[in-house]
Amino acid sequence: MENSTAYFYFGYILSKESQKGLEYIYTAQCIDKAKPSCDVDVEKEEEKALHYMKSVKFNKDELR
């Protein structure tokens with residue numbers, strides 16, 4: 001998107017009980033074309049990304 005700023009948050013989440021992992025990518029970007037400018041609340045988006053990453057649960061039935 002032209003003249004647009006995007007913020008990317010990356011993580012790799014490992015299971016403590018197996019050798020499985022999950023790559024996580026969270027993107028925050030203004031895409032409202034009706035507004036001449038749009039600001040992303042970077043701290044709020046970082047908190048959201050971290051919350052989602054911390055909420056990942058690995059299914060114990062599938063750890064084998």
Side-chain angles (χ1 to χ4, degrees):
M1 193 179 212
E2 201 173 305
N3 296 327
S4 178
T5 300
Y7 297 89
F8 295 89
Y9 303 90
F10 301 89
Y12 192 81
I13 304 160
L14 292 172
S15 169
K16 292 180 181 179
E17 288 122 14
S18 74
Q19 293 186 1
K20 295 187 179 195
L22 168 70
E23 180 183 58
Y24 190 93
I25 302 170
Y26 178 92
T27 306
Q29 179 179 20
C30 288
I31 54 173
D32 189 348
K33 293 180 182 179
K35 293 183 179 179
S37 67
C38 181
D39 294 322
V40 172
D41 185 337
V42 178
E43 288 182 17
K44 183 177 177 181
E45 295 302 327
E46 185 175 345
E47 286 176 16
K48 275 196 232 179
L50 191 56
H51 170 76
Y52 293 139
M53 288 181 202
K54 286 182 174 183
S55 71
V56 170
K57 304 284 186 227
F58 288 90
N59 187 339
K60 291 185 181 186
D61 294 338
E62 297 180 14
L63 294 178
R64 293 173 255 188

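Owing to the predicted nature of the structure, the values given are computational and were not obtained by experimental measurement. Below, all heavy atoms of this structure are taken into account, side chains as well, without hydrogens, waters or symmetry copies.
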Side-chain heavy atoms of Tyr12 within contact of Glu23, under 4.5 Å: yes
Glu47: partners by salt bridge (Lys or Arg N to Asp or Glu O under 4.0 Å), with sequence neighbours left out: none
Between Tyr26 and Glu46, a side-chain donor and acceptor under 3.5 Å: no
Nearest-0.5 Å distance that lies between atom OH in Tyr52 and atom OH in Tyr24: 7.0 Å
In one Ile/Leu/Val/Met/Phe/Trp/Tyr side-chain cluster, 4.5 Å: Tyr9, Leu14: no
Closest approach of Ile13 to Met53 (non-hydrogen atoms, all atoms of both residues): CD1-O, 3.6 Å
Nearest-0.5 Å distance, CG of residue Asn59 to CD of residue Glu17: 11.0 Å
CZ on Phe10 to CD1 on Ile25, rounded to 0.5 Å: 5.5 Å
Heavy-atom closest pair, residues Cys30 and Val40: SG-CG2, 3.6 Å
